[in-house]
Every structure is written in C-alpha cells, then in structure tokens.
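In what follows, a structure is listed as structure tokens, so that the remarks can point back to it.
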Amino acid sequence: MTDSLRSGQQDAPASEHHQHQHQHKKDTLTFRIFLGLALGFAAGLLMFYVPSEGSDLAAWVQEYLIDGVFLVCGKIFVNLLKLMIVPLVLVSLICGVIASEESKSLGRLGTKTFFLYLITTGIAITLALMVAQVVDPGAGISLDGDYDPYVAKERPPFVQVLINIFPDNPMQAMAEGNMLQVIVFAILVGIALNHTGDHGQRIGAIFNDLNVVVMKLVQLIMQLAPYGVFFLVGKVFAEQGLDLLKGLGAYMGCVLFALFLHFTGTYLTILTFLARLNPIIFLKKMRPAHMFAFSTASSAATMPITMGIVEKKLGVKNSVASFTIPLGTTINMDGTAIMQGVATVFIASAYGVELGLAEFLSVIATATLASIGTAAVPSAGMITLAMVLGQVGLPAEAIGLILGVDRVLDMVRTAVNITGDAVVTCTVARSEGALDQTIFDDPDVVEVQPG
Ligand code: ASP
C-alpha cells in the first residue's frame with residue numbers, strides 16, 4: 001500500500017514550498033504532542049496540590065475536571081485510537097499477504113519474527129532478574145501486610161489458549177477485538193485471494209483502496225493527539241500527584257533501570273549490529289509513538305501510530321509491518337516481562353523466600369509466556385504477574401503491595417513494549433530486503449499523505 005502511495009506521490013511531484021510546509025506541519029505535531037504531555041503533567045499536579053483537601057474547590061475539581069472533562073476527553077481519545085485497531089489489522093494484513101504473494105515467504109517471516117520476539121523477551125527478563133538480584137529492592141521490607149491484598153483471576157488452561165488463537169467466528173473475533181484471531185483470519189483471507197485469480201485480484205484491489213482510507217483515518221486522529229495526551233496524563237497526575245513516583249523507590253528504580261538497560265543495550269545493539277541501522281534516527285522517528293505509549297499505557301491503542309511510523313518513516317514495507325506489528329503488540333512485551341522479573345525477586349525477598357537457579361529458570365520461562373498472554377492494555381501485566389508468582393510459590397495477594405506505584409511503571413514499560421515491536425520489525429524487514437534505506441535515513445521524510 002505504502003508503495004503505491006509513494007509511487008503515486010512521485011508521479012505528482014510536490015513543489016518544494018509544499019514539501020517545506022508539510023515538513024513544518026509534521027514537526028509541530030510531534031512538538032505539540034510533547035507540549036500536551038508536559039502541560040498535562042503540570043495541570044494534573046495543579047489539580048492535585050492546589051485545592052486543599054475536603055474544600056469545595058477540591059470537590060468541584062474532582063467532579064467537573066478530573067471525573068468530567070479530563071475523563072471524558074481522555075476516554076474519547078483512547079476510543080478513537082482503539083476504533084482503528086480491528087480495521088487496521090484486518091485490512092492492512094490482508095494487503096500484506098497479497099503483497100507477499102507466495103505464502104512461503106510468510107512462513108519464513110513468521111518464524112523469524114516469532115523467534116526474535118521470544119529471544120528479546122528472554123533477554124529482557126534475564127536482565128531484570130540480574131538487576132533485581134544485585135540491587136535487592138526488597139531488602140528491609142517485610143510483608144506483614146499493610147496493603148490491600150490482590151485477588152488473582154483464574155487463567156484458562158494452556159490448551160484452551162492455543163485453541164483460542166483460531167477463531168470459530170470472525171465477526172465475533174472482530175467484535176471482541178481479539179487480535180490474534182483477527183490476524184489468523186486476515187492471513188487466511190489473504191492466502192485465498194492470492195489463489196483466486198481475477199476474482200482475488202478485484203477484491204484485493206478493494207482492500208488496497210480501503211487500506212489507504214484507513215491510514216488516512218489514523219492520520220486524522222493523530223491530529224487530536226496533543227489534546228488526548230494532555231487529558232490522559234493530566235488525569236493520572238491529578239489523581240495521585242507526585243505520590244505516584246514516591247514510595248517503593250528501590251523497586252521502581254530497579255524496574256526503570258532494567259527497562260533502560262534493555263532499551264539501550266538490547267534494542268540499540270540489535271539495531272546497530274543485526275539490522276545495521278542507525279539507532280539515533282530510529283529513536284527520533286519513534287518519538288511520537290513513545291509519547292502515545294506513555295500517555296495511554298496501552299500498546300494496543302498505540303498500535304496504529306507504531307504501524308504508521310514503521311511503514312512511513314522507517315521505510316518498512318507493508319507486507320512485513322502489517323504482520324509483525326499487530327503480532328508484536330499482542331505477544332511481545334519485554335517491558336512487562338522486566339517488571340514481572342523485578343517484582344518476583346522483590347516480593348520473594350520481602351517474604352524472605354530464597355530463589356534458587358531452578359526458580360529463576362522457571363521465572364524466565366513463565367514470564368516469557370505471561371508476557372505473551374498479557375493483553376496490550378493498561379495494568380494487564382499485573383494480572384499475568386499472578387501466574388509468575390504462583391509458579392515459584394509466592395502468593396498473588398502480594399501484588400497489592402506494588403499496585404499503587406504501577407501506573408507510572410506501566411506507562412514506561414508500554415513505551416518499551418512498542419519499541420521492541422518496532423526494532424524486531426525493522427530487523428526482520430532488513431533481512432527480507434523489505435526496508436527502504438533511503439526512507440529510513442532521510443531525516444526529512446514526511447508522512448505520505450494519501451489522496
Ligand atoms: N500496559 C502494557 C501494554 O499495553 C501491558 C502491561 O504490562 O500492563 O503494553
């Protein structure tokens with residue numbers, strides 16, 4: 001799709017002036033999103049600290065601002081983003097399969113991607129365990145229970161999880177936003193279109209057109225991002241103030257440090273040495289996606305943005321990105337695995353439980369599986385953490401201890417989660433010859449405007 005758009009652009013060369021204007025517009029959008037983030041933070045703190053507790057003003061702020069304007073506008077924005085997920089995955093992936101033509105390359109692509117997602121998650125959790133083991137954030141804390149216990153949810157058995165990947169009803173899969181099922185359905189439809197000659201081509205052309213429209217919609221929604229980000233971040237800080245950042249400092253520090261290590265160490269190494277791409281350019285272009293992930297704490301809600309950047313600014317072909325990004329959003333959560341690793345060591349230490357090599361190995365395996373099973377929505381990592389804790393005999397109630405500080409960690413780890421998806425996508429695309437280096441390197445590359 002991107003290709004057809006791109007060639008469309010080349011056919012109609014834009015004037016330099018127009019290009020300059022467009023570039024300017026894009027810069028201000030990234031900047032405006034950042035401004036929204038900063039102002040949201042400031043507004044949140046104002047709402048938290050200015051009205052004295054119990055005052056009329058505090059009640060008014062709570063009712064009309066926090067639970068009023070901020071809640072409504074933030075939710076509307078997240079809904080608008082989420083509204084794009086199913087159409088984007090379905091249409092874009094069908095186009096991707098059509099473009100990859102022979103389904104053999106899809107198999108190779110799938111294997112490579114899955115393998116890289118698994119390896120990076122394994123590295124993430126190992127790093128987290130090492131950091132937590134050295135720092136020992138739980139030292140000095142003993143769990144005599146001054147926290148609200150957490151009630152773990154039942155998890156479906158593994159076999160059922162496997163069966164559930166295959167939809168028995170595609171409409172239901174779409175209605176429920178079950179991304180893995182939608183991926184399977186889209187791939188099957190794509191393969192069928194490839195094998196039905198003229199009929200397939202006609203329908204395929206319609207999907208290609210639809211894809212342009214869907215991408216345009218993503219761009220339109222992007223324009224609202226500065227406001228959306230403002231309301232989302234404002235509400236979070238208005239409710240908890242800076243307390244969000246205090247307390248359990250050692251635990252938070254450990255998680256953030258391990259996230260940072262993985263981000264700079266693992267990702268940038270993979271980009272530089274495996275994909276042979278400039279990590280600085282990558283980071284610069286990913287900035288809007290990072291801000292989205294941070295504000296929404298949901299990789300799913302951020303997915304349309306990640307996909308747009310990877311295709312249009314990093315030069316990855318739709319045939320790769322349409323598959324790897326939705327898959328990564330669903331199963332690849334390195335940031336979540338890191339939090340789970342640190343949390344396990346922290347809780348074990350707070351309970352005075354020694355973890356041996358066997359326990360560490362089992363944490364690595366379970367946290368990798370847990371991050372695959374974690375839904376790409378806020379706080380989902382806390383639910384699957386219960387599974388990891390259970391594996392080494394720690395009580396799920398202990399999650400109550402770290403729940404209070406999880407929000408801000410969730411925001412940061414979501415940004416790491418989506419970075420992992422983009423890094424693997426670029427690496428796989430590179431190895432498949434599906435990454436346009438000139439687009440990647442071009443600092444001025446502007447988003448291709450359909451139509
Ligand atoms: N919020 C994370 C995400 O959407 C999942 C989690 O760790 O809670 O990527």
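Whatever order the structure lists them in is the order used to number ligands and atoms, beginning at 1. Just the heavy atoms: all of them, side chains too, but no hydrogens, waters or symmetry mates, feed the values below. The first residue of the sequence shown is numbered 1, and numbering continues consecutively from there.
Nearest non-hydrogen protein atom to atom 3 (C) of ligand 1 is S299 OG, 3.1 Å. Summary of contacts: the protein heavy atom closest to atom 1 (N) of ligand 1 is D410 OD1, 2.7 Å.
Contacts with ligand 1 closer than 4.0 Å are made by side-chain heavy atoms of R413 only, the backbone lying farther away. Contacts between I418 and ligand 1 below 4.0 angstrom, taking non-hydrogen atoms only, are absent altogether.
Screening V255, T336, D334 for a side chain to side chain contact (heavy atoms under 4.5 Å, CB included) with R413, the sole residue that qualifies is T336. Each of L268, L127, T126 was compared with H262 under the side chain to side chain contact (heavy atoms under 4.5 Å, CB included) criterion, and only L127 meets it.
Ligand 1 has an N or O atom lying under 3.5 Å from an N or O atom of T414, backbone or side chain. Taking any N or O of A380, backbone or side chain, at least one lies under 3.5 Å from an N or O belonging to ligand 1. By the 3.5 Å distance cut-off applied to N or O atoms, M333 is not counted among the residues near ligand 1. At under 3.5 Å, not a single nitrogen or oxygen of M382, backbone or side chain, sits near a nitrogen or oxygen of ligand 1.
Heavy-atom proximity to T336, at under 4.0 Å, picks out these atoms of ligand 1: 5 (C), 6 (C), 7 (O). In summary, the atoms of ligand 1 found under 4.0 Å from a heavy atom of G381, numbered by their order in the structure, are 6 (C), 7 (O), 8 (O). Interface of S298 with ligand 1, defined as ligand atoms under 4.0 Å from a residue heavy atom, comprises 4 (O).
Using the six-membered ring where Trp is involved, F31 and F34 have ring planes that are tilted, between 30° and 60° apart.
Note on R108 versus E432: salt bridge recorded, some NZ/NE/NH1/NH2 to OD/OE distance being below 4.0 Å.
Under the 6.0 Å cut-off for aromatic ring centres, F282 and F440 do not qualify, their centroids lying 6.0 Å or more apart.
Interatomic distance, I364 CD1 to I123 CD1, rounded to the nearest 0.5 Å: 11.0 Å. Remark: C426 SG to L277 CG distance equals 6.0 Å, nearest 0.5 Å.
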